[in-house]
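Heads up: the structure comes next, in structure tokens.
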Amino acid sequence: MKVDIVSIFPEVFDVLNVSLMGKAAAQQLVEVNVHQLRDYAEGVHKSVDDTPYGGGAGMVMTPDVWGTALDPLLTPESVLIVPTPAGARFSQQTAAQLAGADHLVFACGRYEGIDQRVVEHYSQHTTVMELSIGDFVINGGEVAVLAMLEAIVRLIPGFMGNPESLVEESHESGLLEYPSFTKPRSWRGLEVPEVLLSGNHEAIRQWREDQSRARTAAMRPDLLED
């Protein structure tokens with residue numbers, strides 16, 4: 001998979017060189033290129049934003065600089081992802097869908113976002129997805145891209161050392177994952193549930209399923225409704 005990221009803070013993505021993401025790049029499972037948006041801006045100040053039409057607080061990122069940056073990156077086979085709190089909800093299912101793409105391009109907005117004509121224009125030529133990582137607002141798209149990219153890339157075949165570790169994770173089945181325990185058997189007066197020590201695989205499976213449903217009901221009842 002090839003990934004291109006456009007941002008005015010490319011240094012945020014230095015973290016992609018560490019941990020499993022760095023290993024995936026070393027194994028050529030993913031190629032990540034980060035581009036400085038200001039490199040495509042004109043003028044002494046390399047401005048990438050202007051005041052919004054219609055008035056209002058804040059600044060809007062201009063379409064011309066984004067067009068100059070995205071034109072050489074996008075092909076009809078690319079998927080352009082624009083992180084925005086006004087977008088559709090990013091989910092595990094979305095991550096699985098995008099893990100099958102050959103080329104992802106992330107456009108990291110700032111301020112009041114990117115001029116909407118950028119989305120409208122590129123939607124005529126390639127797949128464009130406006131995505132939100134939650135019902136809250138952060139200062140820019142960089143953190144959202146890091147979260148989405150890690151969720152996506154770990155689903156690429158060969159990325160995880162043990163692919164079975166992906167099967168029972170939270171949201172894979174629409175439920176939250178059951179609680180996990182390891183050694184020691186007793187810690188500060190708290191014991192590992194006896195069923196996990198029983199060796200009875202069917203009883204363990206049933207316990208985990210019950211715990212998964214109970215945790216979902218307590219933490220995310222909306223998932224049960226879905």
Side-chain angles (χ1 to χ4, degrees), residues 1-18 21-22 24-25 28 30-90 94-95 97-98 101-134 136-153:
M1 173 188 287
K2 182 180 178 181
V3 176
D4 285 289
I5 304 169
V6 185
S7 166
I8 61 171
F9 295 111
E11 60 273 17
V12 170
F13 298 98
D14 290 348
V15 69
L16 294 177
N17 296 320
V18 301
M21 286 290 295
Q28 298 184 333
V30 59
E31 173 192 340
V32 181
N33 302 292
V34 185
H35 309 269
Q36 168 59 264
L37 179 64
R38 294 192 189 278
D39 289 344
Y40 301 90
E42 298 181 352
V44 176
H45 300 292
K46 298 292 185 180
S47 178
V48 298
D49 61 301
D50 210 328
T51 55
Y53 278 121
M59 304 288 279
V60 177
M61 302 189 90
T62 58
D64 50 352
V65 66
W66 275 105
T68 304
L70 293 175
D71 280 348
L73 298 179
L74 290 168
T75 71
E77 291 73 38
S78 304
V79 179
L80 173 61
I81 300 170
V82 182
T84 168
R89 183 175 62 182
F90 180 83
T94 312
Q97 172 190 349
L98 293 174
D102 292 326
H103 184 210
L104 302 179
V105 179
F106 292 90
C108 299
R110 280 269 159 175
Y111 318 121
E112 294 303 307
I114 301 171
D115 188 303
Q116 189 63 27
R117 288 172 294 181
V118 173
V119 169
E120 294 175 3
H121 170 75
Y122 288 107
S123 293
Q124 302 174 40
H125 307 284
T126 190
T127 300
V128 180
M129 302 177 70
E130 296 179 275
L131 296 174
S132 168
I133 60 170
F136 52 88
V137 178
I138 52 181
N139 287 335
E142 287 78 13
V143 171
V145 169
L146 286 172
M148 287 190 283
L149 191 55
E150 182 154 319
I152 294 165
V153 172

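All values derive from a computational prediction rather than experimental measurement. Computed from heavy atoms alone, side chains included, the values below leave out hydrogens, waters and symmetry copies.
- Here the side chains of Met1 and Ile152 are in contact, with some heavy-atom distance below 4.5 Å.
- The side chain to side chain donor-acceptor pair (under 3.5 Å) pairs that include a residue from residues 51-63 are Thr62-Asp64, where partners are two or more places apart or lie in different chains.
- At least one donor-acceptor pair closer than 3.5 Å links the side chain of Tyr122 to the backbone N or O of Gly67.
- Here the CG-NE2 distance, from Leu80 to His125, works out to 11.5 Å after rounding to the nearest 0.5 Å.
- Only one option out of Val6, Val3, Val32, Leu146 pairs with Phe106 in a side chain to side chain contact (heavy atoms under 4.5 Å, CB included); it is Val3.
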(message) Evaluate Trp66 against Asp115 for side-chain contact (heavy atoms from CB on, under 4.5 Å), listing each step before the verdict.
(response) CA-CA 9 Å; Trp66 275 105; Asp115 188 303; over 6 Å; no

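- Looking only at side-chain heavy atoms (C-beta outward), Val12 and Pro10 stay at 4.5 Å or farther from each other.
- A distance of 11.5 Å separates NE2 of His45 from CZ of Arg38, quoted to the nearest 0.5 Å.
- For the pair Thr126 and Pro76, the minimum side-chain heavy-atom distance is 4.5 Å or more.
- In this structure, the side chains of Phe13 and Cys108 come closer than 4.5 Å at one or more pairs of heavy atoms.
- Between Gly134 and Ser132 the shortest heavy-atom distance is O-OG, 2.9 Å.
- Among all heavy-atom pairs drawn from Val79 and Ala101, the shortest one is CG2-CB, 4.3 Å.
- Using a 4.5 Å heavy-atom cutoff, the side chains of Leu149 and Met21 are in contact.
- Summarising the geometry of Ala144 relative to Ile138, their closest heavy-atom pair is N-CD1, 4.1 Å, with the distance given to 0.1 Å.
- When only modelled atom types and interatomic distance are considered, Ser7 and Glu142 share a side-chain donor-acceptor pair under 3.5 Å.
- Taking OG from Ser123 and CZ from Arg117, the interatomic distance works out to 14.5 Å, rounded to the nearest 0.5 Å.
- Between Arg110 and Met59 the shortest side-chain heavy-atom distance does not fall below 4.5 Å.
- Note that CG of Leu74 and OG1 of Thr127 are 10.5 Å apart. Values are rounded to the nearest 0.5 Å.
- With a 4.5 Å cut-off on side-chain heavy atoms, Met148 and Ile81 count as touching.
- For Glu11, the CD atom counts as densely surrounded, since its 6.0 Å shell holds more than 12 non-hydrogen atoms of other residues, nucleotides or ligands.
- Judged as a side-chain contact (heavy atoms from CB on, under 4.5 Å), and not counting sequence neighbours, the contacts of Thr94 are Phe90, Ser91, Leu98, Met129, Leu131.
- We find the CD1-CG distance between Ile8 and Asp39 to be 12.0 Å, quoted to the nearest 0.5 Å.
- For Asp4, the side-chain contact (heavy atoms from CB on, under 4.5 Å) partners two or more places apart in sequence, or in a different chain, are Lys2, Asn33, His35, Leu73, His103, Val105.
- Remark: the backbone N or O of Thr68 is not paired with any side-chain donor or acceptor of Asp71 at under 3.5 angstrom.
- By the neighbour-count criterion of 12 heavy atoms within 6.0 Å, atom CG of Asp14 is densely surrounded, having more than that number from other residues, nucleotides or ligands.
- Residue-environment remark: CD (Glu112) exceeds the threshold of 12 foreign heavy atoms within 6.0 Å.
- The heavy-atom pair separating Ala41 from Val48 by the smallest distance is CB-CG1, 4.2 Å.
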(message) Test side-chain contact (heavy atoms from CB on, under 4.5 Å) on Val145 and Ile5; report intermediate values, then the result.
(response) CA-CA 9 Å; Val145 169; Ile5 304 169; 4.2 Å; yes

(request) Under the side-chain contact (heavy atoms from CB on, under 4.5 Å) rule, what do Val118 and Leu70 come out as? Steps first, then yes or no, please. (result) CA-CA 9 Å; Val118 173; Leu70 293 175; 4.0 Å; yes

